[in-house]
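Below is one structure, written out as structure tokens, with a few remarks after it.
Here is how names work: the chains are called A, B, and so on, in the same order as the sequence lines, proteins then strands, and each is numbered from 1. Everything numeric here is computed off the predicted structure, so don't read it as measured data.
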Protein chains: 2
Amino acid sequence: MGSEETAARSVDQVADALREDIVFGRLRPRERLIEDELSERFGTSRHVVRAAMATLEQLGLVVKRPNRGCIVKDFTVAEVTELYDLRGVLQLEVARRFPLPPPPGLEDELRELQQRYAQAVADFDFRRIEACDDAFHKVFFRHCGNRYIVEMAELLWQRSATIRTFAYGNREVLAQSVVEHDQICDAIGKCDRERFVDVSVKHLFPALVAFKEAHAGRWSE
Amino acid sequence: MGSEETAARSVDQVADALREDIVFGRLRPRERLIEDELSERFGTSRHVVRAAMATLEQLGLVVKRPNRGCIVKDFTVAEVTELYDLRGVLQLEVARRFPLPPPPGLEDELRELQQRYAQAVADFDFRRIEACDDAFHKVFFRHCGNRYIVEMAELLWQRSATIRTFAYGNREVLAQSVVEHDQICDAIGKCDRERFVDVSVKHLFPALVAFKEAHAGRWSE
DNA sequence: CCTGCCACAATTGTCAACAATTTCGTCGAT
DNA sequence: ATCGACGAAATTGTTGACAATTGTGGCAGG
């Protein structure tokens with residue numbers, strides 16, 4: 001299966017590899033994570049796998065049931081809706097607190113990230129799309145002036161990683177997100193707070209819509 | 001040292017005991033948590049202590065430095081201010097979403113909790129004060145209709161546990177908090193959303209003020 | 001043929017020992 | 001006397017093995 005990293009040693013490396021496997025769909029929702037298998041795959045002991053799973057549980061990517069092991073988190077539509085509801089609340093705060101005009105050089109940095117994002121979308125390269133999107137949004141989180149809001153926003157960003165892939169898989173939605181990133185950059189350039197807040201909050205929800213559509217006809221929720 | 005529980009077995013029990021020790025000040029900020037000592041104290045192996053510390057780190061009660069062990073989290077004034085800033089944001093959401101009129105029986109439940117809280121304050125019994133305060137506030141969290149807001153509000157509630165003790169230690173502040181709980185109950189009884197929101201958000205901050213006063217003349221922040 | 005019980009397999013939870021790292025005291029040189 | 005290097009003690013990180021729990025298939029009884 002997927003990525004046979006030569007010999008990851010630390011807990012964080014294992015956790016990160018598993019995080020990638022989950023985010024990019026190599027591990028599917030409800031799939032079991034068996035400690036023995038993983039410890040063999042990563043060439044480490046079960047203990048580090050255990051610790052890594054604790055980390056992933058905190059990130060909300062897996063669910064641990066006592067004495068029954070771990071499975072990849074499978075979101076219901078209700079959960080995702082509530083998750084994005086909260087993300088909206090936080091994004092509103094983040095956007096309201098972003099410094100306008102932005103610190104020197106920040107706008108250029110954003111534009112460059114935006115350009116790389118657009119290129120990644122054009123190439124339809126999931127990994128780069130995810131990386132650029134990640135970097136772009138974390139810029140805003142990190143300038144909100146409150147470390148706990150930063151932490152929460154980044155945590156929820158992680159938790160919604162598997163949901164965003166429903167957007168990454170659709171070229172139309174992706175194209176629209178590039179447009180929205182542009183609009184966000186423009187609003188910053190013009191110091192238009194109102195527009196910036198509006199666009200950056202609304203920018204969250206296409207991914208939610210894509211998820212809901214993908215789950216439209218499911219029996220068991 | 002404090003509570004010598006006979007034989008705590010699970011990780012959660014150890015984590016909870018340590019949580020209590022930290023919240024009630026038996027373990028002071030910056031104090032080291034040494035795995036060997038704790039494993040001996042709890043009569044368990046170092047692994048469960050390790051896992052418990054991971055839990056506590058997630059709750060934000062301890063800080064783990066690689067290869068250098070754990071210390072009890074020592075908040076700076078800036079951190080506490082930001083923490084309460086975010087708690088304010090969330091409490092606003094929680095209060096806005098609380099169902100008014102409340103579900104049948106809930107008002108009575110709150111009144112009873114409130115009464116027990118008042119009694120605990122009158123007895124100046126820290127443990128009961130903390131327990132009642134905890135139960136009272138979690139009622140609101142759990143009725144906001146969004147499980148992620150619940151989770152985050154409870155997480156921040158835990159994180160601010162050591163800060164609240166600065167309020168618990170002051171009889172005037174405590175008396176005021178009883179009054180505020182009453183006002184909250186009244187606002188609910190009258191279905192006065194505006195007042196309910198206002199009081200329940202403002203209710204957070206006396207603890208912050210108490211903390212700031214206690215740290216007023218400190219050299220190293 | 002279906003239902004409940006029992007033994008076996010798969011998997012997680014726990015423990016004690018070993019290796020690697022950091023911390024702290026001591027000694028010697030300047 | 002102060003500073004830096006060295007070495008021992010303290011502490012964390014990692015490993016393999018064992019115990020406890022849960023899931024599963026077969027078998028007897030209705």
Please indicate yes or no: is the ring centre of B/His47 less than 5.5 Å from the centre of the six-membered base ring of C/dT14, with the two planes inclined by under 30 degrees? no
N or O in side chain of B/Arg68 less than 4.0 angstrom from D/dT11 OP1/OP2: no
Rounded to whole Å, please give me the gap between CG in A/Asn67 and C1' in D/dT21. 5 Å
Rounded to whole angstrom units, what separation is found between the CG atom of B/Leu38 and the P atom of D/dT11? 11 Å
Using whole Å, report how far CZ of B/Arg50 lies from P of C/dC15. 15 Å
The nucleotide from C/dT12, D/dT12, C/dC15 with an atom nearest the side chain of A/Ile34 is C/dT12
Of the listed nucleotides (C/dT14, D/dT15, C/dG13), which one gets closest to any side-chain atom of B/Val11? C/dT14
Test salt bridge (charged side-chain N to carboxylate O under 4.0 Å, His left out) on B/Asp16 and B/Arg19; report intermediate values, then the result. CA-CA 5 Å; B/Asp16 221 57; B/Arg19 188 194 64 79; 3.6 Å; yes
Which part of the nucleic acid, if any, lies within contact of A/Arg65, taking any heavy atom under 4.0 Å across all strands shown: a base, the sugar-phosphate backbone alone, or nothing? nothing
Quickly work out the A/Asp12 CG to D/dT14 P distance and round it to whole Å. 10 Å
Rounded to the nearest 0.5 Å, what separates atom CD in A/Glu154 from atom CD1 in A/Ile149? 12.5 Å
How long is the line joining CZ of B/Arg46 and P of C/dA16, in whole Å? 12 Å
Separation of D/dG13 atom C1' from B/Asp36 atom CG, nearest Å, is 12 Å
Ring geometry between A/Phe211 and A/Phe166 (parallel below 30°, tilted from 30 to 60°, perpendicular above 60°): perpendicular
Expressed as a whole number of angstroms, how long is the span from B/Glu35:CD to C/dT22:C1'? 14 Å
Go through the structure and list residues passing side-chain hydrogen bond (donor to acceptor under 3.5 Å, both in side chains) with A/His137, not counting sequence neighbours. A/Asp133, A/His181, A/His203
Starting from C1' on C/dT12, measure out to CZ on A/Arg32 and report it in whole angstrom. 9 Å
Under-4.0 Å side-chain N/O to phosphate OP1/OP2 contact, A/Thr44 with D/dT15: yes
Is the closest basic N to carboxylate O distance between B/Arg147 and B/Glu151 below 4.0 Å? no
